[in-house]
Amino acid sequence: MPALSEPHPSLQIFNTLSKRKEPLRTVVPGTVGIYLCGPTVYDKAHIGHMVGPVIFDCMKRYLTYCGYDVTWVVNITDVDDKLINKAAERGISMLEVAEENIADYQSNLTALGVDQVDHFPRATECMDDIIALIRELIDSDYAYAAEGDVYFDVSQDPDYGKLSNRKVDELQGEGGSMGERKRGLADFALWKAAKPNEPAWDSPWGPGRPGWHIECSAMSKKLLGPTFDIHGGGLDLVFPHHENEIAQSECCHHQPMVTYWAHNGLLRAAAAAGKVGGRSERAAEAPATARAAVPTDEASGKMSRSKGAGGLAELIARQSGERIRFFLLRTHYRSTVLFNEPAIQEAGTGLESFYRFFKRYQRITGNSFFDICPPTSRATGGVEASASALHQEITTSRDKFLAAMDDDFNTGGAIGELFELLRKLNKYCDENSLEDSQPQPALLESFHQGATVLRELTSILGIFGQPPATGGAADDQLLGQLLQLLIDLRAAARANQDFATADTIRDRLAPLGIVLEDRAGGTDWSGGDAESVEGLLQLLIELRQTARAAKDFATSDTIRDRLATAGILLEDRAGGTEWSRTPTS
RNA sequence: GGCGCCGUGGCCAAGUGGCUAAGGCAUCGGAUUGCAAAUCCGACAUCGGCGGUUCGAAUCCGCCCGGCGCCUCCA
């Protein structure tokens, strides 16, 4: 076993094996191999499945930023009893079940901004590796075949239990029919003989399929080697899954499987016991006819949606992947996170402050924050601290941010520092009136550099990569046109000291989720969606009626003409004014 | 029964031996604004309870109370 690299000067990782934080030392200097246990794809993903991917995505981004060449593997278990059952239940093949849920899983990952995964190995694509590993274990007497099954002989491994702090003779083991074929209760299956009509692969022990644990030993070895740097997964996998992985791999290779075991905390449903997607929840869910059904009684504690186990795609549609990502990153990854939708909503409120700043940046510099290309490495990032008071503040914030990340990827602490940096930048805008007059180029440059550091740091967390996705382009355009018209009408009213009309416009917009902000250079708006359009038109029609009643035909005609330009036709009838969309071609 | 985790302001959440306990959300003042919104400034907790170690503890130890996880498929 070759010696590990020199430790990183500041980065520490908590290791489940030693139960303490340790400096990062890698197997190969300058590179990091990460393996994260991915899903068993027998059903749609729930939000609990996203915790690991999101934090490990940040880990890879940070390690890359720190100069490492990182390879990240997330395996997919696509052969398993539950897949077989699901396929039988639905009358489709196991492969079809897997394909469907892999697509769901990956689209969820994409929505949450998880795009750093290098390999998604599938168990069914690694059968040769799995069988080879089992054969080696049998040859060296760590495993034995029994009636078409193969079991790992736990009694042969003196280290068994070192990860989860368990003693072999205290383990309960599985009962049932398999128990008769096992030599020891704690022994676990490496290969399971196929029953009639089950999917099966040929092996020296007869047709069958691999056990769950051996897949990960085989896939991690294949892609990362017999010893690699970081192995991740949920805390619930420590025993038996990871314990068994260690047993298999280390008995086979006679060297450490993994240097750092990193386990993320589990998501817990607020106001109810049990982790999201856990056993108690599934039991409670069983009587329900449709798991994706809208909860009928929030107080019953049996809701699926608010516990997050169902409808991740729907949750993402309601809240956006970025909000969910930000919500997850606010808490340290080893902590239990209490999940509930209002909390995600609240995280989104915090996120809005950043988006308002991005607009401010655009107003001041004329450029999009999202077009800033920040330094992508720790060595080249940051600003000259001595250049100005602002730069010193920025440097302090950046140092604190990096110190938090160095401390076992403390994203919660890092995010706190991000808000500090945001406040400093806003204050700088205020104090130097960057929006009002023609600011000095030097002030502008300092400001730009501060924004660049903000972009540098947020990129590490994988947030604000791109402007938020908007709805349909056509509706967006109409919404923009209607609001510009309303803003113009309001500006005219304000110019005439007609604050009643001006305030009416703003007040009527609020219930539609649209907020107006008056600034030196004009009025900004935010919020609103396709559903706001009808309300806006109703308001415009009323404003036009008021203008007509006051014989202010210039205004009323302006409204009608500009609506026509926007593709809305107004028709005055006896009972009132009706609107319709002009057919588009 | 065995192994383990957690309990910080109204809510969420950093901090795990030493300046006035980050930050977010909410609330209340102030600046700013025609009024708002946004932004900035300020207010708001002695860290579940008790006892101990220490010059010094939210941070270490013990006990108690409360919440949760694993020991079985599970991210």
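Lettering of chains follows the sequences in order, A, B, ..., and the numbering in each one begins at 1. As the structure is a prediction and not an experimental result, all values here were calculated from the model.
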Q: Any salt bridge between E100(A) and R90(A), counting N to O under 4.0 Å?
A: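 Yes.
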Q: Taking the ring centre of each residue, are F188(A) and H213(A) less than 6.0 Å apart?
A: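 Yes, close enough.
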Q: Nearest of rA75(B), rC40(B), rC73(B) to any side-chain atom of P240(A)?
A: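 Of the options given, the side chain of P240(A) lies nearest rC73(B).
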Q: Could you state the atom-to-atom distance from CD1 of I505(A) to P of rA37(B) in whole Å?
A: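 Distance check: I505(A) CD1 to rA37(B) P gives 18 Å.
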Q: With a 4.0 Å cut-off on N to O distance, would you call R181(A) and D149(A) a salt bridge?
A: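 Here R181(A) pairs with D149(A) in a salt bridge, since their nearest N and O are under 4.0 Å apart.
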Q: Touch check for R506(A), heavy atoms < 4.0 angstrom, all strands: base, sugar-phosphate only, or nothing?
A: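 The answer is base, as R506(A) lies within the cut-off (heavy atoms under 4.0 Å) of a base atom.
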Q: Pick base, sugar-phosphate or nothing for G52(A), based on heavy-atom distances below 4.0 Å to the nucleic acid.
A: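 No contact.
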Q: Quick one: label R490(A) by what it contacts on the DNA or RNA (base, sugar-phosphate, nothing), any heavy atom closer than 4.0 Å.
A: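 If one applies the 4.0 Å heavy-atom cut-off, R490(A) turns out to touch a base.
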Q: Look at N165(A) and rG4(B) and indicate whether a side-chain polar atom (N or O) is within less than 4.0 Å of OP1 or OP2.
A: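 Yes, such a contact exists.
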Q: What integer number of Å spans the P atoms of rG1(B) and rA57(B)?
A: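 Pairwise P distance, rG1(B) against rA57(B), rounds to 35 Å.
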Q: rA75(B) C1' sits how many Å from W261(A) CH2, rounded?
A: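 Roughly 14 Å, once rounded to whole Å.
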Q: I want to confirm an ordering. Mapping K21(A) and E417(A) to their closest nucleotides on RNA chain B, which one lands closer to the 5' end?
A: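 Of the two residues, K21(A) wins.
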Q: Looking only at side-chain atoms of D503(A), point me to the closest of rC35(B), rG69(B), rG15(B).
A: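 Among rC35(B), rG69(B), rG15(B), the one nearest the side chain of D503(A) is rC35(B).
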Q: Using a strict 4.0 Å threshold on nitrogen-to-oxygen distance, state whether K21(A) and D406(A) make a salt bridge.
A: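 The answer is no: the pair does not qualify as a salt bridge.
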Q: Base, sugar-phosphate, or nothing for G234(A), non-hydrogen atoms under 4.0 angstrom?
A: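 The answer is sugar-phosphate, as G234(A) gets under 4.0 Å only of primed atoms, P, OP1 or OP2.
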Q: Between rG7(B) and rG48(B), how far apart are the C1' atoms? Round to whole Å, please.
A: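 Per the computed distance, 6 Å lies between those C1' atoms.
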Q: Say you pick atom P in rA31(B) and the same atom in rA37(B); how far apart are they, in whole Å?
A: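 These two P atoms come out 14 Å apart once rounded.
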Q: For E456(A), is there an ion pair with R398(A) - N to carboxylate O distance below 4.0 angstrom?
A: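 The answer is yes: the pair qualifies as a salt bridge.
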Q: Can you list the stems that include RNA chain B, where a stem is three or more consecutive Watson-Crick or G-U pairs with distances under 3.5 Å?
A: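 Ordered by first number, the stems with RNA chain B (at least 3 consecutive pairs each) read B:1-7 with B:65-71, B:10-12 with B:23-25, B:27-31 with B:39-43, B:48-52 with B:60-64.
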Q: Under the criterion of centre distance below 5.5 Å and interplanar angle below 30°, is F419(A) classified as stacked on the base of rG24(B)?
A: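 It does not: the ring fails the test against the base of rG24(B).
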Q: Using heavy atoms and a sub-4.0 Å distance, could you list which residues of residues 104-112 of chain A are near RNA chain B? By number, please.
A: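 Within this stretch, nothing sits under 4.0 Å of the strand.
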Q: For D430(A) and rU39(B), give me the distance from atom CG to atom P, rounded to whole Å.
A: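 Going from D430(A) (CG) to rU39(B) (P), I get 10 Å.
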Q: Work out how far the C1' atom of rG56(B) is from that of rC70(B), and round it to whole angstrom.
A: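 Nearest-Å result for rG56(B) against rC70(B) at atom C1': 38 Å.
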Q: Could you tell me the separation between the CD1 atom of I364(A) and the P atom of rU39(B), rounded to a whole number of Å?
A: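 I364(A) atom CD1 is separated from rU39(B) atom P by 13 Å.
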Q: Rounded to whole angstrom units, what separation is found between the NE2 atom of H332(A) and the P atom of rG7(B)?
A: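 Result: 13 Å.
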Q: Can you tell me if the side-chain N/O atoms of K427(A) get under 4.0 Å from OP1 or OP2 in rC41(B)?
A: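 Yes, such a contact exists.
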Q: Of the non-hydrogen atoms in P439(A) and L434(A), which two are nearest, and what is the gap between them?
A: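 It is CB-CD2, 3.6 Å.
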Q: Mind checking if E517(A) touches a base, just sugar-phosphate, or nothing, with heavy atoms under 4.0 Å?
A: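 The answer is base, as E517(A) lies within the cut-off (heavy atoms under 4.0 Å) of a base atom.
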Q: Quick one: which of rA22(B), rA75(B), rC70(B) gets closest to the side chain of H49(A)?
A: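 Of the options given, the side chain of H49(A) lies nearest rA75(B).
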Q: How long is the straight-line distance from CZ of R61(A) back to CD1 of I463(A), given to the nearest 0.5 Å?
A: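 It is 10.0 Å, given to the nearest 0.5 Å.
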Q: Of the nucleotides rC70(B), rC35(B), rG67(B), which one has an atom closest to the side chain of R494(A)?
A: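 Comparing rC70(B), rC35(B), rG67(B) against the side chain of R494(A), the answer is rC35(B).
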Q: Using the P atom on both, measure rC5(B) against rC12(B) and round to a whole Å.
A: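 Result for the P pair: 22 Å, nearest Å.
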Q: Would you call E243(A) and R166(A) a salt bridge, using N to O less than 4.0 angstrom?
A: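 No.
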Q: Taking for each residue the nucleotide of RNA chain B with the nearest heavy atom, is it F327(A) or D236(A) whose nucleotide lies nearer the 5' end?
A: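 First, find each residue's nearest nucleotide; the 5'-ward one identifies F327(A).
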Q: Taking the basic N atoms (NZ, or NE/NH1/NH2) and the acidic carboxylate oxygens, is any pair closer than 4.0 Å for R325(A) and E322(A)?
A: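 The answer is no: the pair does not qualify as a salt bridge.
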Q: By nearest atom, which of the nucleotides rA14(B), rA75(B), rU39(B) is closest to the N426(A) side chain?
A: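 Given the options rA14(B), rA75(B), rU39(B), the side chain of N426(A) is closest to rU39(B).
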Q: Listed in order of residue number, which residues of residues 343-356 of chain A have a non-hydrogen atom at under 4.0 Å from RNA chain B?
A: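 Residues of residues 343-356 of chain A under 4.0 Å from RNA chain B: E346(A), T349(A), S353(A), R356(A).
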Q: Would R490(A) and D503(A) pass as an ion pair if we require N to O under 4.0 Å?
A: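 Salt bridge absent between R490(A) and D503(A).
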Q: Closer than 4.0 Å, any side-chain N/O of T336(A) to the OP1 or OP2 of rG69(B)?
A: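 T336(A) to rG69(B) OP1/OP2: no side-chain N or O under 4.0 Å.
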Q: Send over the distance from L434(A) CG to rU39(B) P, rounded to a whole Å.
A: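 From L434(A) CG to rU39(B) P: 16 Å.
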Q: Check this one for me: any side-chain N or O of R519(A) less than 4.0 Å away from OP1 or OP2 of rU39(B)?
A: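 For rU39(B), neither OP1 nor OP2 has a side-chain N or O of R519(A) closer than 4.0 Å.
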Q: With a 4.0 Å cut-off on N to O distance, would you call E517(A) and R356(A) a salt bridge?
A: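 So E517(A) does not pair with R356(A) through a salt bridge.
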